[in-house]
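Read the structure below first, then the notes.
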Amino acid sequence: MTLSLTELAACFEGVIPSILCTVGADGTPNISYLSHVTRLDDEHVGLSDQFFSKTARNIRENPRAALLVVNPHDGAQYRLDLQYCETVGSGPVFERMAADLRATSAQVGMTDVMRLRGVAIHRVLGLRAVRSPLAAAPPEAWRGSALPRMAAVVDAFADRTELGEIVDAALDALEAAFRHGATMILLHDPARDCFVTLGSRGYGRTGIGADVLPGEGLIGLSGKEGRAIRVSDASRLRRFGAAVEASSEQENRTRSVALPSLPGAMSQIALPMATQGRIRGVLFLESPKRLAFSAEDEAALALIARQLAAAIALSEADAAEAAPDAPIPRRPSEVASPHIRVVHHAHDDSVFIEHDYLIKGVPGRILIHMLEAFLSAGQVDFSNREIRTDRALRLPGLKDNLETRLLLLRRRLEDKNAPIRLLRLSRGRIRLHVAGYPIVISDRKSGAQ
Amino acid sequence: MASGLGMVLDEGLASFLEEPVMIIVGTQADGYLPEIARAAGAVLEADRAALHLMVSAWQWPETIANLRANRRITATFSRPADYETYQLKGTVTAIAPPTLEQQARATRYLAEIGEVLAGFGLAPEISAPWRVARDLLALRFVPEAVFVQTPGATAGQKR
């Protein structure tokens, strides 16, 4: 049977290191391990040039090389005879491999050691399977049904119009279709330039409101660079904040929510949610299994992430123009209800309800604005348009993701089981529900109102 | 490198080579064509001036043929836990069926390296095709140079 490089796709997933042997001008062989080998076409492979000087010199002196690659699904070994062509230090092949390497380095904390100098392009002169006492499983065995699964997920959210429904439908459908473990959807907050968790499935807690900085970990790297990043064997993964136990005390101290994590995650994939040239967020999936996401899954999930970005953008645009209702005055009674202590710190707009950290940034500012309108005029119904145009709120403009911020605020109030809630009335309209009488203390002004 | 003379390996390195570490063998065919194989364990001679590498002639016939033709050999020993790696270069002076002791050592090595890899999440059935004991031959390897290949500042340095 003649093998083709296409059939060896799994060998190029970067799970099990490949082994390269070269021979110098004096006839001495040299062996090196390669972290990344990529298939360029049916006749060429690219090797990550992190070579020790001996290998680089050997290749110049003698362009023939032997490569041993392993299929991570069954351990089957393949021998490639190579002829060196050239080394490229820029262009799409180089950029792709450099990004893969950065992702790997970020996980294992070896950023400085694993720097890509170039991609050494080799022609494949021969290819054969190494004898094995075990029968190799046919490569087709791992081909999934990514296309039907993708259709099912997109179907689930494509007709939804409200942001919260879109996020929930996508999370539920992804879980049902891929059965992988855990999922997070994070949206970009341009005001603070970070990715904020808007919903999740499969973790012990939702993590709604947790931030990831651009470039931080797999999620931040994917969001910053706008490319899919996949890890198939994270046995040495050092996850940021993995050891951090989420607690109210910790949230109160740091004024931030810890990112949830899946203990023992072995496979992870982060996909940029981009549309119209703008990265709106990151879709992140993880699994306790090795090799949970194939190259085909990556393609399907990348398309799902793009569809999700488009649906979210549309939902933002639709909700923007709802007109305000006539206000229904419901002046709160201070005497009849229990007091709710709400503290606002103006420097980061962080809000604490009954001493528990809730949220910071623009959503915090919006909540305080609503509570003050409720206290002074009894207003409980608000429209996106009036929030957007209220100068006191200093919203960053039309592209401010107001729907996202309101959803984040609503979900966070639910997560914390707070005595204040936001109810969605209709597209672009929300109602403030306060189970008590809020005492708002803000250091923005002189004191309590 | 290559003074052509053998050398005595220090005790620390000698015991490292006998640990359950990944062993890769590099050889060359006529015309300087490189070849790769895996070894199924190493046994040091008492004076630490030579070692015996066990290699399956059934799985890696090209490597055995190369060594019968020109004797040049390189072997890399790498510990999966920390990637501590040494590359030894030298000459094969004899190729023979393993002694009972060498055979037993290979059997133990293949079981141990399977366990080590399993500890890193690689199921024994995945590493099984690399752990083959069929038609073992013992290659008597006289090292002439040792290089540190652990990733980092000292990589590639002669030891």
Side-chain angles (χ1 to χ4, degrees), chain A residues 15-33 35 50-55 58 61-68 70-77 79-82 110 112-114 125 128-136 233-236 264 266 289-291, chain B residues 1-2 22-38 56 58-63 66 70 72-76 78 80-81 83 85 87-90 117 119-134 144-145 147-149 151-153 155-157:
Chain A
V15 176
I16 294 172
S18 304
I19 297 159
L20 184 75
C21 185
T22 57
V23 174
D26 66 349
T28 306
N30 190 75
I31 297 160
S32 53
Y33 282 90
S35 63
Q50 307 146 273
F51 297 149
F52 302 125
S53 50
K54 177 68 79 184
T55 304
N58 283 1
E61 291 171 353
N62 172 15
R64 297 294 297 266
L67 183 71
L68 187 73
V70 175
N71 183 329
H73 294 282
D74 61 3
Q77 307 178 94
R79 258 282 281 113
L80 281 68
D81 287 316
L82 304 182
M110 291 177 70
D112 292 331
V113 176
M114 302 170 78
L125 304 176
R128 62 183 162 83
V130 173
R131 263 181 149 177
S132 169
L134 308 165
D233 186 351
S235 47
R236 303 197 310 130
M266 290 291 265
K289 292 185 195 150
R290 286 171 72 245
L291 300 154
Chain B
M1 56 149 263
M22 296 296 286
I23 309 172
I24 305 294
V25 175
T27 58
Q28 53 122 339
D30 289 345
Y32 289 2
L33 300 179
E35 191 50 74
I36 300 173
R38 293 183 193 270
S56 163
W58 175 80
Q59 190 171 36
W60 309 105
E62 301 85 359
T63 291
N66 289 348
N70 65 46
R72 298 297 305 163
I73 186 167
T74 293
T76 296
S78 184
Y83 295 140
T85 302
Q87 183 149 210
L88 274 60
K89 301 193 173 190
L117 294 171
F120 294 98
L122 210 66
E125 57 269 26
I126 304 283
S127 67
W130 324 341
R131 297 183 287 117
V132 174
R134 195 180 292 185
E144 289 155 14
F147 298 86
V148 182
Q149 249 193 354
Q157 279 179 17

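Letters go in sequence order (proteins before strands), and every chain restarts at 1.
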Under 4.5 Å heavy-atom distance to chain A, tell me which part of Ser78(B) shows up: side chain, backbone, both or neither. side chain
For chain B, find which of Gly24(A), Ala66(A), Pro29(A) contributes the most heavy-atom pairs closer than 4.5 angstrom. Pro29(A)
Kindly indicate, with the supporting measurements, whether the criterion side-chain contact (heavy atoms from CB on, under 4.5 Å) is fulfilled by Glu125(B) and Asp74(A). CA-CA 7 Å; Glu125(B) 57 269 26; Asp74(A) 61 3; over 6 Å; no
Sort Ala123(B) into side chain, backbone, both or neither according to what part of it lies under 4.5 angstrom from a heavy atom of chain A. neither
So CD1 of Ile24(B) and OH of Tyr33(A): to nearest 0.5 Å the spacing works out to 4.0 Å
In short, Pro129(B) meets Ser132(A) closest at the heavy-atom pair CB-OG, 3.6 Å
Considering non-hydrogen atoms only, spot the tightest contact between Ile31(A) and Val25(B) and give its length. CD1-C, 3.8 Å
Between Ile16(A) and Trp130(B), is any pair of side-chain heavy atoms under 4.5 Å apart? yes
Please confirm whether the backbone N or O of Val23(A) pairs with a side-chain atom of Gln28(B), one donor and one acceptor, at under 3.5 Å? no
Any residue meeting side chain to side chain donor-acceptor pair (under 3.5 Å) with Thr76(B), in chain and number order, not counting sequence neighbours: Gln87(B)
Mind checking the CH2-CD spacing from Trp60(B) to Gln77(A)? Nearest 0.5 Å is all I need. 4.0 Å
At a 4.5 Å cut-off on heavy atoms, which part of Trp58(B) comes close to chain A: side chain, backbone, both, or neither? both
Got Arg134(B) and Arg131(A) here, is their nearest side-chain heavy-atom distance under 4.5 Å? no
Closest heavy-atom pair and its distance - Arg64(A), Tyr32(B): CB-O, 4.5 Å
Tell me whether Arg128(A) is salt-bridged to Glu35(B), with the criterion being a basic N under 4.0 Å from an acidic carboxylate O. yes
Closest non-hydrogen atoms of Cys21(A) and Ile36(B), given as atom of the first, atom of the second and distance, are CB-CG1, 3.5 Å
Interface moiety of Leu67(A) toward chain B, non-hydrogen atoms closer than 4.5 Å: backbone
Separation between CZ (Arg290(A)) and CD1 (Ile126(B)), nearest 0.5 Å, reads 5.5 Å
With chain B, the option among Leu82(A), Thr22(A), Val130(A), Asp81(A) that has the most non-hydrogen atom pairs under 4.5 Å is Val130(A)
Applying side chain to side chain donor-acceptor pair (under 3.5 Å) to Asn62(A) and not counting sequence neighbours gives none
What distance separates Arg38(B) CZ from Leu68(A) CG, expressed to the nearest 0.5 Å? 5.5 Å
